[in-house]
Protein chains: 2
Amino acid sequence: MSKTNLIPEEDVPQLADLFSLMGDTSRLRIILCCLHEPISVSDIAENTALSQSLVSHHLRLLKAARMVRAERRGKQVFYVAADHHVQCVIQDMVAHISESANGEDG
Amino acid sequence: MSKTNLIPEEDVPQLADLFSLMGDTSRLRIILCCLHEPISVSDIAENTALSQSLVSHHLRLLKAARMVRAERRGKQVFYVAADHHVQCVIQDMVAHISESANGEDG
DNA sequence: CAAACATATGAATATGTATTCAAGTATATG
DNA sequence: CATATACTTGAATACATATTCATATGTTTG
């Protein structure tokens, strides 16, 4: 009965919420846009080819989950990833994709 | 026009799919069950308090996405996480939660 | 204050998907 | 081959949520 699982049960819902937020292509693209440096809503919309309204809706969710931070500069609002763990999560998952792409044998 | 984003656009849908799979509490619990060592479907069902049918449905998705591997042992089928990157992803996200919990100032 | 720009929000809709239930497949055993 | 166990699968349903459109809020400037 080894309890190798280090994740407390109580954290599971919040964890799932965060993954769920990253599990939408539009939102993931938005996250990628503001992963390394602050970027305005309109620039995100342009880069992702999503409507400004939709980007704003998604940013609200990401901000509520503390995945991004907002900072107003004049008329614009700039968003940036809250911390580097978000980058790590994404890079780990990319590594997983590479590995599963290589290691397939069935 | 800095392209600090290292993730190729073509990988985004697959990335999102994987995160989406982890973004469901039932499925995340199932993943946690088989994160470190193989475990049978019925044991997963018992540990998670989910129906065997539901566990099986979820495992099918996880297997199709290569997040877990299946191995039959007699009448039972054991599932285990496909590689250690899945563990890393989860641990990074837990770190993010801790950090955002500490760093809040608003 | 009015006008222009940037962003946010609410309601409506369309689509996806988690869950359940019933039935099917696979494996061991007598 | 019949039975029991373990798992899988399909269809139905209930629920969530991504997207759009219209409108509102906030900000700078004249």
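None of the values given here were measured: they were computed from a predicted structure. Because only heavy atoms are used, hydrogens play no part in the values below, and waters and symmetry mates are left out as well, while side chains stay in.
Considering only side-chain atoms of Val41(B), the nucleotide from dT9(D), dT20(C), dT8(D) that sits closest is dT8(D). Distance from the side chain of Lys75(B) is smallest for dT5(D) among the nucleotides dA8(C), dT5(D), dT28(D). Taking only side-chain atoms of Val77(B), from C-beta outward, the nucleotide of dA18(C), dC7(D), dA18(D) with the closest atom is dC7(D).
What separates CD1 of Ile30(B) from P of dA18(C) is a distance of 11 Å, to the nearest Å. With rounding to whole Å, Leu59(A) atom CG is found 13 Å from dA6(C) atom C1'. The nearest whole Å value for the distance from the CG atom in Asp24(A) to the P atom in dA16(D) is 17 Å. Rounded to whole Å, atom P of dA18(C) lies 14 Å from atom CG of Asp17(A). Rounding to whole angstrom units, CG of residue Leu28(B) and P of dT17(C) are separated by 17 Å. Atom CE in Met22(B) sits about 14 Å away from atom P in dA18(C), given to the nearest Å. One interatomic measurement links the two molecules: CZ of Arg27(A) to P of dT17(D), which rounds to 9 Å at whole-angstrom precision. Protein atom CZ of Arg60(A) is 15 Å distant from nucleotide atom P of dG26(D), rounded to whole Å.
Looking at Ser42(B), its side chain has no donor and acceptor atom pair within 3.5 Å of the base of dC7(D). For Ser53(B) against dT9(D), a side-chain N or O and a base N or O form a donor-acceptor pair under 3.5 Å. No hydrogens or angles were tested; on distance alone, nothing pairs the side chain of Ser56(B) with the base of dT9(D) as donor and acceptor under 3.5 Å.
Using a cutoff of 4.0 Å between basic side-chain nitrogens and carboxylate oxygens, Arg69(A) and Glu71(A) are not scored as salt-bridged.
Stacking of the aromatic ring of His57(A) onto the base of dT19(D) is not found under the criterion of centres within 5.5 Å and planes under 30°.
Heavy atoms only, all atoms of each residue included: Ser42(A) and Gln76(A) are closest at OG-NE2, 3.8 Å. Of all heavy-atom pairs spanning Thr25(B) and Pro13(A), the tightest one is CG2-CA, 3.8 Å.
For the OP1/OP2 pair of dA8(C) and a distance below 4.0 Å, the side-chain nitrogens and oxygens of Tyr79(A) include at least one atom meeting the criterion. For Arg72(B), no side-chain nitrogen or oxygen approaches OP1 or OP2 of dA26(C) to under 4.0 Å.
Note on Gln76(A): only backbone sugar-phosphate atoms sit closer than 4.0 angstrom, heavy atoms only; bases stay farther off. Residue Phe78(B) is classed as having no contact, given no heavy-atom separation below 4.0 Å to the nucleic acid.
His96(A) and His85(B) have perpendicular rings, their planes meeting at more than 60° on a 0 to 90° scale where under 30° would count as parallel.
The OG atom of Ser20(B) sits 12.0 Å away from the CE atom of Met22(A) when rounded to the nearest 0.5 Å.
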